[in-house]
Amino acid sequence: MLLRGDGIHKTFARQRRLFRSDNESAPALTNVSFSLRENETLAVVGESGAGKSTLGRVVAQLIEPDAGQVMLDDRDISRLRGQEQLTFRKSVQMIFQDAHSSLDPRRTIGDSISEPMLIHFGASRAERRTAVRDLLGRVGLDAGMADTLPRQLSGGQLQRVAIARALSMDPRVIVCDEPVSALDVSVQAQVLNLLKDLQAERGMSYLFITHDLSVVEAFASRVMVMRSGQVIESGSVDEIFDSPTHDYTKSLLASIPNPVPKSLR
Amino acid sequence: MPNAPSGPILEVRDLTVEFKIDGQWTPVVSHVNLEVDSGEILGVVGESGSGKSVTAYAIMGLTSHQGGRLAGGTIRIAGHDIDRQGKRSDSIRRGRDFAMVFQKPMSSLNPAYKVGEQIAEGLRVHLGLSRRDAWDRAIGLLDRVQIPRASERVHDYPHQFSGGMLQRAMIASAISCSPGLLIADEATTALDVTVQAEILDLLRDVQSELGMAVVFITHDLSVVAELCTRVAVMYSGQMVETADVSSLFRRPLHPYTEGLMMTRPSRGDHRFATIPGNVPMPTEWPTGCRFYDRCSYGIADVCCGAPIEESERAKRTVRCCRSESLTLQGIIDRKAQ
Amino acid sequence: MSNRLPNPRSKQRAPWGDGLRRFLTDRVATCAAITLILVIVVVLLANVLAPQDPDLQDLNNKYASPALGSEHLLGTDRFGRDLFSRLLYGGRSTILATLLATTVGIVIGVPAGLLAGYFGRWIDPFLSRIFDGIFAVPSLIVAIAVIALVGPGLVTAMIAVGVVFSPGFFRVTRAATRTLRHEAFIESSVCIGCSVWRIVGIHILPNALPPLIVQTTVTMGHAVMAEASLSFLGLGTQPPTASWGSMLSTGFADAVVAPHLMLAPGIAITVVVLALTQAGEGVRRATGRGLADEGQG
């Protein structure tokens, strides 16, 4: 087992969230456990407030859980500090929903992509330039884009930049937090194909957080359904989509709009 | 709704809207034709840069508010020409005869006023109701949109509602004067999928009760399949195809529409079908077909160079110079693959 | 897979270059900037441009009226000193004083603002209360108090004024930092392993610069006024050193006899403060809009 979550609990101190007046003091995560193998994609689905983003951040070592552990190769990475944490950051990376705001608007694409190389490997300027060129090519972007700024690129291109940056550290797990939700439908498929190719090439695993169930069906091998910070149900894609056991899962699946109009069914 | 002369409730002809980009007035919607009959639910589908929202705002007369300008064409609601400035007139009035529901309910309602007050405001202004009557009517409307404990909730402020509830309140406000036309701009995009399903049910319900026409703007073709009777597909500021829902989904006439249907991911796909490339910016629109760069059926001699005209056949319109010779795949073919 | 290169018109331009270009199209702001540059150059070259020694007294030639082409371009003051030369040398004092006060304000306020904005928790309330306290005191009172303790002198006075200006910088920096703190790219920087110092110094500070630049120019305008006020009260520059404030002061005493004595320093102060605020506004307009550039939906 590559990555495992055991009994993760997390409660946030009273947040003054304007758009969620109902569950101010409810725990964000309650007893969440999951497992992720090598070369596998686990989709974490649920509606807003389910806690999937919080889980993603715990796994990516951006938030510390109150209780429970995240085990990478049987080693607890959920509460590391200093140099140790820095080492393990390379193994678990994250890409965000809004690619545009996940990049420093004042730095060029090339600088953003090569920053991890500077931090972790102390790479020289020449080494970084070469690596950036290679990475841009790998994600299907033109090498000349290294000197452009985020605002000059489209959403799809920016998400590829974010992927390139994550790749520069050769991660074993990438937490994808709604990576294609903000993209146009015609571009979503491009980014998903890229992620699939990279997985086949490098054997990476993905923790794929999304609310879009149709993407899950095609992209993931296993699914975990969450609601209000708890795991409702989990299993393979076939199990969950063909024979869901929990009522919530059933209502979720029933709400997906049918792409075939009634008159043609 | 005043007695409209027989004919479509909404008629948009040759609409062109311009915005200032890099200091220059640039069209973002060009020569768009649109027709909606009374009682019809039209879905307008498009991705970013398609101009669908801009068109909606133009119909509502909010273009100048957004910083744009109408550079050509006419908009008629119930036969009345909508003044370019969207001024209020007695014969046809925004809010009373045609209304809009927006994408983010939290930003569309004033956080400083109670929800009841905001619904009642429209009733008092347009229908001249007294405070008391308007308030009672507002409670009735909240009840109609299935907000539980309406008589208590009417005193609450927007931040006390969840996203879905607030969208229901917005719908209540929009239908308060029984308009003949309702425009919903990505009304369910920001909502969870279960809430979306409920809102779509509500819209269907309300639409059939009031017999109003609905223009539902979205990027999600599945929602259109669920809700609408007719579809209009937009790309890069142009209307590329219109048809009734069955015909469109059975056999689209425009390669872009086919592309949209094909890129819907489905289980067991090893690779997702894509539409290669990106949507062009309004400043980069070519003279010929705007979809040519990404089209798998394009032929340079035919598709580039001259602007592509809309052609009509059997109550369907399409803006493609090769539509006669192409046989495209519909959603059934997709599913069967 | 198609990868269009971005629009050639906007190719390869760093954010600074773009803001600069926008600034230069703003006529008022550019005029203001040019005025400031001219003033600084002229004043720095005072020893070259000044026709006379500013402290040279000529009691036979008191209160001479301004006369173009004469020995004394702007006339002389009560001691027969050349007004034009005093204006140029006085500008040096005023400008150096302004820079000193502003720098002190920045050095105290900006790092504190970054810390308070980034770390929050107890550091933020702690620092905020300190700066609220400083902010509550009128700047001149503090300066006078310091001078009462240490003795008059422009340098001490301006350092005190700088301390009084620091809450402005603290607040602006803190506000910008707090906003940026929650941006996805900061979270992303943590994720890739940036140290706190790298995040604050490389990712937050450059993005917080636009409002800081505006705050700097506005503060400089206030500093010029503060220097003028203190010198007017006799607490800043000491005679015979010239500064625009002291010139205004002595000119005021002789207003009945020679009204022209107040005009030159008064106009100089007004022009510089006006130019500073307009340049600051220009920076705000040039950089503010730039960050919000998005495509059509």
Side-chain angles (χ1 to χ4, degrees), chain A residues 16-23 45-50 140 153-157 180-197 200 211-220 227 237-238 241-242 248 251-265, chain B residues 46-50 106 111 159-163 166 188 191-198 200 219-229 231 244-246 248-250 256 259-279 281 294 330-332 334-335:
Chain A
R16 282 171 267 104
R17 285 176 169 244
L18 288 175
F19 42 84
R20 216 160 292 149
S21 55
D22 26 22
N23 49 2
V45 302
E47 305 186 294
S48 48
L153 302 187
S154 70
Q157 291 169 317
V180 295
S181 307
L183 301 178
D184 283 329
V185 172
S186 61
V187 172
Q188 285 188 13
Q190 295 175 17
V191 175
L192 290 172
N193 279 338
L194 174 63
L195 286 172
K196 267 204 177 196
D197 289 342
H211 65 276
D212 188 344
L213 290 152
S214 38
V215 169
V216 170
E217 248 194 310
F219 190 72
R227 178 168 74 157
V237 166
D238 290 332
F241 278 81
D242 291 336
Y248 178 67
S251 69
L252 210 57
L253 291 170
S255 314
I256 308 175
N258 195 325
V260 180
K262 276 200 196 63
S263 49
L264 297 182
R265 287 183 211 161
Chain B
E47 298 173 296
S48 56
S50 59
M106 195 54 76
H159 71 268
Q160 293 170 281
F161 285 72
S162 70
L166 209 53
T188 56
L191 304 174
D192 286 328
V193 69
T194 47
V195 180
Q196 171 175 268
E198 292 169 14
L200 292 178
H219 63 277
D220 190 346
L221 211 54
S222 308
V223 170
V224 170
E226 278 278 346
L227 183 73
C228 306
T229 50
V231 190
D244 64 282
V245 160
S246 315
L248 187 102
F249 279 85
R250 185 183 302 119
Y256 176 62
L260 282 181
M261 286 186 219
M262 294 300 129
T263 56
R264 189 119 197 98
S266 147
R267 214 190 308 181
D269 280 353
H270 288 292
R271 233 176 145 58
F272 298 103
T274 69
I275 304 179
N278 297 290
V279 180
M281 306 277 292
R294 310 174 73 192
I331 196 84
I332 311 287
R334 170 83 177 92
K335 279 289 182 184

### Task
For each of B/Leu260, B/Val223, B/Leu166, B/Thr194, tally heavy-atom pairs with chain A at distances under 4.5 Å, and name the one with the top tally.
B/Thr194
### Query
Does any heavy atom of chain A fall under 4.5 Å from the side chain of B/Glu198, the backbone, both, or neither of them?
neither
### Summary
Sorted by chain and residue number, the side-chain contact (heavy atoms from CB on, under 4.5 Å) partners of A/Asn193 (sequence neighbours excluded) come out as B/Arg271, B/Phe272, B/Thr274
#### Entry: Side-chain donor-acceptor contact under 3.5 Å, A/Ser186 with B/Glu47
yes
### Message
I'd like to verify something: which residue of B/Gly259, B/Ala197, B/Ala225 has the highest number of heavy-atom pairs under 4.5 Å with chain A?
### Response
B/Ala225
### Query
So which heavy atom on A/Tyr248 is nearest to which on A/Arg227, and how close?
CE1-CD, 3.4 Å
### Task
For the residue pair A/Gln157 and A/Ser154, confirm or rule out a side-chain donor-acceptor distance under 3.5 Å.
yes
### Query
Do you know which of A/Val187, A/Asp242, A/Val237, A/Leu213 has the most heavy-atom pairs with chain B at a distance under 4.5 angstrom?
A/Asp242
### Task
Among B/Val193, B/Asp220, B/Val195, single out the residue with the greatest number of heavy-atom pairs under 4.5 Å to chain A.
B/Val193
### Task
Give the member of A/Asp238, A/Val215, A/Val216, A/Ile256 that has the highest number of heavy-atom pairs under 4.5 Å with chain B.
A/Asp238
### Message
Less than 4.5 Å apart, side chain to side chain, heavy atoms only: is that true for A/Pro261 and B/Glu226?
### Response
no
